[in-house]
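Have a look at the structure below before the remarks.
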Amino acid sequence: MSITIRSLQLPDDYEQLAELLNQVWSEPTTAQSLLEADQKLYEVGHTYMDDNGLLAGYDRERKVAVTARGEIAGYAWSWRAPWTEPGYLCNTLVVKETYRTQGIGQLLLQKIGQWALQIGASTLITEAWDDQPASVRFAKNRGFVTERHAFQSMLQLNHLYEIPVMPEIGSLRFLTLADAPGEESEHKLYELYKETLVDIPGFLGEVPEFSEWLKWYLRVDGYAPERVIIAADGDSYIGVTNVLHNQQTNGMYHEYTGVSPAYRGKKVALALKIKAIQLAISQQAAYIRTDNDSTNQPILSINRKLGYVPLRGSYRLLAPLDQVMNCLKPPAHL
């Protein structure tokens, strides 16, 4: 089989890329969604070594494996944002089901590894579904080790589902970002995210600056201000859940749920989750889905109480770059 590794060519590759990613992503994407995500990004990256000699800054590399007929058989994407953990590169590597176990993943990883060496990265990070042993084995055979385990949960919304009773939360009130539009409210939400993001088990790197947070944490694909549910104490925002809508599946997704430390243990997160369920039902969504780290027991417990059913999970895998490159070397001839 003749395979060529080349750079991603846009916009021509978007349609095939969306088809490929939909084989592995839990929520489907489209060529248009991929285009809109790219339009948020920088055109030229900028990386440098920080005071500790670790890679900092931002950049990306994207390669595809293409057959002689022009079919995209595999895709590798390596990147870091300004807030990514120093030294780290995040990675996505996907091979089309019909082309797996033919060396394409190895070729793509070699290309990504060479680029990572050129810019001075020290660590590669990736994810693999826990029900895909071949993918996990591929990573571990190339030096990756499991660092975290996260779980998906889904709540099917049909006529049999009984909406739980809202807990007593004293004088707190609920509103949405549509009720209080504008930059002042967005800045208050940003401060709440800054306070709560760092408490998520397994959170790496830094909280991005406001403008980048808007693009990558708040106004993401499926966002609408009326689906950003806020818990407030007076004028202070003390809890939030951002619920996204996927038009292709008519499903909702909890992009984020956070509660200020001073208000935890007071059933604010439970109330926010119920508000999200009420919203999804009012909009006739088919389901609502979420992802949580395996060690985040408070949220996992809330999900179980509300009837969320556990689905497959994903492993976060890390590897020192030099170890990966050693594993990619062909064996020496005896």
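Just so you know, residue 1 is the first one in the sequence shown, and it goes up from there.
Between Lys188 and Glu191 there is no salt bridge, since no side-chain nitrogen of the basic residue lies less than 4.0 Å from a carboxylate oxygen of the acidic one. In this structure, Arg173 does not pair ionically with Asp179, as no charged nitrogen and carboxylate oxygen lie closer than 4.0 Å. Under a 4.0 Å N-O distance rule, the pair Asp221/Lys40 does not qualify as a salt bridge. Comment: Arg219 engages Glu186 in a salt bridge, judged by a side-chain N to carboxylate O separation of less than 4.0 angstrom. A salt bridge links Asp199 to Arg264: at least one charged side-chain nitrogen sits closer than 4.0 Å to a carboxylate oxygen. Between Asp233 and Lys266 there is no salt bridge, since no side-chain N of the basic residue sits under 4.0 Å from a carboxylate O of the acidic one.
In this pair, Trp79 and Trp77 present their aromatic rings parallel. The plane angle is below 30°, not in the 30 to 60° band. The aromatic rings of Tyr193 and Tyr217 stand perpendicular to each other, their planes meeting at an angle above 60°, with 30° marking the opposite boundary. Taking the six-membered ring where tryptophan is involved, the planes of Tyr308 and His254 are tilted, since the angle between them lies from 30° to 60°. Taking the six-membered ring for Trp and thresholds of 30 and 60 degrees, Phe210 and Tyr190 have ring planes more than 60 degrees apart, a perpendicular arrangement.
Judged by distance alone, the side chain of Glu127 and the main-chain N or O of Ser314 form no donor-acceptor pair under 3.5 Å.
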- prompt: Stepwise, does the salt bridge (charged side-chain N to carboxylate O under 4.0 Å, His left out) test hold for Arg62 with Asp13?
  reply: CA-CA 11 Å; Arg62 296 189 285 187; Asp13 287 341; over 6 Å; no

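Between Glu85 atom CD and Leu54 atom CG the span is 8.5 Å, to the nearest 0.5 Å. Here Asn91 contributes atom CG and Ile125 contributes atom CD1; the two are 8.5 Å apart, rounded to the nearest 0.5 Å.
Defined by atom type and a distance below 3.5 Å, a donor-acceptor pair is missing between the side-chain atoms of Thr30 and Gln248. A donor and an acceptor atom, one from each side chain of Gln118 and Gln114, are nowhere located under 3.5 Å apart.
Taking all atoms of both residues into account, the shortest heavy-atom contact from Arg227 to Gly222 is NH2-O, 2.7 Å. Nearest heavy-atom pair, Gly307 versus Leu155, reported as atom, atom and distance to 0.1 Å: O-CD1, 3.5 Å.
The 12-atom threshold is not exceeded at NZ of Lys305, counting heavy atoms of other residues, nucleotides or ligands nearer than 6.0 Å. Remark: Gln247 CD is loosely packed, at most 12 non-hydrogen atoms of other residues, nucleotides or ligands lying under 6.0 Å away. Heavy-atom neighbours of Lys267 NZ from other residues, nucleotides or ligands within 6.0 Å: at or below the threshold of 12. Open room surrounds CG on Asp51; 12 or fewer heavy atoms of other groups in view lie less than 6.0 Å from it.
Residues satisfying the side chain to side chain contact (heavy atoms under 4.5 Å, CB included) criterion with Ala231, sequence neighbours excluded, are Phe174, Ile238, Val268, Leu272.
The residue from Thr196, Asn242, Thr241, Thr290 that alone fulfils the side chain to side chain donor-acceptor pair (under 3.5 Å) condition with Tyr256 is Thr196.
Applying the salt bridge (charged side-chain N to carboxylate O under 4.0 Å, His left out) test to residues at least two apart or on different chains, the pairs with a partner in residues 147-156 are Glu147-Arg316, Arg148-Asp293.
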